[in-house]
Amino acid sequence: MTIDKIRVRVDAIEQVAPLIREFQLVPVDGELMPFSPGSHVIVEMPDQPRSHRNAYSLLSEPRDAACYRIAVRLQEHSRGGSRFMHEQVKVGDELAITPPANLFAPNWGARKHLLIAGGVGITPFMSYLPALQRVGAGFELHYLFRSKQTGAYRQQLASELGERCYLYDADEGIRCDLGELLGDQPRGTHIYICGPQTLIAGVQEVAQALGWPTSHIHFEAFAAPQPGYPFEVELNSSGRTLAVDGDTSLLEALEDAGIAVPSLCRGGVCGQCKTRVVAGEPDHRDQFLTADERAEGNCIMPCVSRAAGKRLVLDL
Amino acid sequence: MTIEPLIKSRPSYGPVTVQINAKLHLFICTAEGQSALQTLIDAIPQTQRQLLVFSATDARGAVDEKGHSLLAEQVGAALCDAPLATAIYLSGPEAFMWDLRNLARSVGFADEQIQMCEPVGNARRLFCTHCYAITEEVSHSPQTCSGCGRLLLVRDHYSKLHAAYVGVQINAEDPAEIPEPEALS
């Protein structure tokens, strides 16, 4: 990262769902800053053989600068990050985080906010809710989960929000009828979705069929680079060649070699890490580049994208 | 003094097309603007469309903040009854269309639901940056402000919020200097 990291200490760890752990982080020195609802931080985990850097939404009250809270779901196909958080991190450990960044802020011009959370996707909305309640905004929370895995904070949310909180536990056979939900909203409603890609795509599909304006639909996916085939990357300025193994992202490989590439979301949506490609064909996996930019093939988002062949030469 | 040719805020108007996923197609125009929409109107089944046509007099600066005009009442009622999945098509003088766009946004419609035809005529609404007064149907620059009487250069800089072009005094240093008026495009 190109911005100063913050040293934090793990103050408490709580199992908030069968597969989700909450970590309370307090500053080691200095102080934290208040943040805007929907913000995330990148947590740097000093694992071996290499460190992990994952983005997690802040779920604490956005005005509370004493402590940040994040929740981590243990991923079945963990590349190491969530497993490290669950198995290695203990109370009292120190971690480095980036200052909060926000790619999923509420649109304050909305006449109503419809929040749709899937599983651990409840986390950004935990910071929305105090802010929405503070300004007296109209909102509903629709929370889809499997109680055998996720569903963190649902009792607390149900009692705090009352009839504005709708719970759908798929393990109890309770499903959310998206067509009914989206078909019965007033004009000026904005939809926010955080959850697995299938939920996001499902809502988008229903919304499109119902004629929703796309600018009123906001989403944040669980951003994690997917593994691929190993390849080599050459740095054009120095001629230096690095090996990128199958489980490491291109961005991580560059960072591990001490090459500073600015990044923010680490999930292929924000555009910060865009890098010029001098030679080789990229395997684009981001959601940032336009179809034209992809076709030209002269830039890549190294946080998620890889080489289509054995070698890439980057303008670094 | 000449007007700068390229100002980003000046609206450009592309072709207006049918929004296929809309449940209601709401056409709002002046009598002079209707012809630009007619092909689209004819393409929509009668049960899925609504057409509001206003005379030039009713349309003139008609949507005021108090919403007291016939136009604001009728359009406001139509917008409030319209479903979330409504496509809005506008045609008429530029200020008329942007007033309606602002009205539609105020009741929760998104920009991409609102399409505008090429404006009818070159008339501009002018916003005075000195006294904030509005001068309607301006065709030449400079133009005397209807509020403070200053001689205003009519810029291409457009305020969507005011649905007006921005005017600044052209002869602030020497009010005796009266430049020759030029027709606006």
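Protein chains get the first letters and strands the later ones, always in sequence-line order, with residue 1 at the start of each.
- Only the backbone of B/Leu79 has a heavy atom closer than 4.5 Å to any heavy atom of chain A.
- A/Arg187 and B/Cys80 make their closest contact through NH1-O, 3.3 Å (heavy atoms, listed as atom of the first residue, atom of the second, distance).
- Here CG of B/Asp111 is found 8.5 Å from NE2 of A/His216. Values are rounded to the nearest 0.5 Å.
- Taking a 6.0 Å sphere around OH of B/Tyr132, one finds it holds 12 or fewer heavy atoms contributed by other residues, nucleotides or ligands.
- With a threshold of 4.5 angstrom between heavy atoms, A/Ala110 does not approach chain B through any atom at all.
- The environment of B/Gln38 atom CD is dense: over 12 non-hydrogen atoms of other residues, nucleotides or ligands sit within 6.0 angstrom.
- In plain terms, the two heavy atoms of A/Gln185 and B/Leu84 that are nearest each other are O-CD1, 3.6 Å.
- A 6.0 Å sphere centred on NZ of B/Lys23 holds more than 12 heavy atoms belonging to other residues, nucleotides or ligands.
- Under a cut-off of 6.0 angstrom, the local environment of CZ in B/Phe27 is crowded, with over 12 non-hydrogen atoms contributed by other residues, nucleotides or ligands.
- In A/Glu205, the CD atom is not crowded: 12 or fewer heavy atoms of neighbouring residues, nucleotides or ligands sit closer than 6.0 Å.
- Distance check: A/Trp212 CH2 to B/Gln113 CD gives 10.0 Å after rounding to the nearest 0.5 Å.
- Within the 3.5 Å criterion, the main-chain N or O of A/Ala209 finds no donor-acceptor partner in the side chain of B/Asn21.
- For A/Asp184, the CG atom counts as loosely surrounded, since its 6.0 Å shell holds 12 or fewer non-hydrogen atoms of other residues, nucleotides or ligands.
- Top candidate by heavy-atom pairs under 4.5 Å with chain B, chosen from A/Pro213, A/Pro186, A/Gly109, is A/Pro213.
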